[in-house]
Engineer: 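Can you read through this structure? Questions will come right after.
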Amino acid sequence: MVPSTALNPIPEGARNKRIREYGFNINSANKTITLAVNYGTNLTQFNPEIFASLGTEIMPLGSQDFSGGAVDYQFTINGTTNTYSVSVNIEVNPVIPDFHADPEILYSEKTGRFYMYPTTDGFPGWSSSTFDVFSSPDLVNWTNEGEILDLSTNQVS
């Protein structure tokens, strides 16, 4: 990201731990920020803890109500202000963490466990090349057993 300057104050990130890894997306051209947060986040009182370079004033402060849509934030430095529209969305797979989708589930008679083989992403341009496997004794509690395939190296783990 381009750091704020005296002529162009812009946001640089957000610190709230409810924001998912790779869940901060800034579009400087449209002056929008989209935050992907974990399931269970209270959108009616959420403080994304947005930050910019030293000396940048950010308004509003504290928790905001994102349940009705975007909230405008102003970034001001040396008398110059930019306004960004900040949206917060709950993005979560209710069964397994992160950006996993398209699961296939198999049951192993040998281990007595279910195995889930999803695709994964969360990278710009849907560029993931790795696949993990998850196991469960009951289809409710899942354990990530690790990476089983990396298409970028054609390595099977």
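Values below: every heavy atom of this structure, side chains too, minus hydrogens, waters and symmetry copies. This structure is a prediction, so every number in the text was calculated from the model and none was measured.
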Engineer: Under 6.0 Å between ring centres, would you say that holds for Phe75 and Tyr84?
Structural biologist: yes

Engineer: Tell me whether Ile10 shares a hydrophobic cluster with Met59, the cluster being built from Ile, Leu, Val, Met, Phe, Trp, Tyr side chains joined at under 4.5 Å.
Structural biologist: no

Engineer: If I compare all heavy atoms of Pro11 with all of Ile26, which pair ends up nearest, and what's the gap?
Structural biologist: CG-CD1, 3.4 Å

Engineer: Where do Arg113 and Ser135 come nearest, in terms of heavy atoms and distance?
Structural biologist: NH2-OG, 2.9 Å

Engineer: Any idea which heavy atoms bring Tyr73 and Gln64 closest together, and the distance?
Structural biologist: OH-CG, 3.4 Å

Engineer: Just wondering, more than 12 heavy atoms not from Leu106 lying within 6.0 Å of its CG?
Structural biologist: yes

Engineer: When hydrophobic residues are tied together by side-chain contacts of less than 4.5 Å, even through go-betweens, does Val86 share a cluster with Ile90?
Structural biologist: yes

Engineer: Checking Asn16 side chain against Asn47 main chain: does a donor-acceptor pair fall under 3.5 Å?
Structural biologist: yes

Engineer: Under a 4.5 Å side-chain heavy-atom rule over Ile, Leu, Val, Met, Phe, Trp and Tyr, are Phe24 and Phe51 clustered together?
Structural biologist: no

Engineer: To check you understand the geometry: which heavy-atom pair defines the closest contact between Ser108 and Tyr115, and what is its length?
Structural biologist: CB-CE1, 3.7 Å

Engineer: Following the transitive rule for hydrophobic clusters with a side-chain heavy-atom cut-off under 4.5 Å over Ile, Leu, Val, Met, Phe, Trp and Tyr, establish whether Val133 and Leu151 coincide in one cluster.
Structural biologist: yes

Engineer: Sub-3.5 Å donor-acceptor pair from the side chain of Asn89 to the main-chain atoms of Ala36, do we have one?
Structural biologist: no

Engineer: Can you name the nearest heavy-atom pair linking Asp138 to Phe114, along with the distance?
Structural biologist: N-CD1, 4.4 Å

Engineer: My understanding is that only one of Val37, Leu35, Val71 makes a side chain to side chain contact (heavy atoms under 4.5 Å, CB included) with Pro48; could you say which?
Structural biologist: Leu35

Engineer: Could you pull out the closest heavy-atom pair between Pro9 and Thr56, with the gap in Å?
Structural biologist: CB-CG2, 4.3 Å

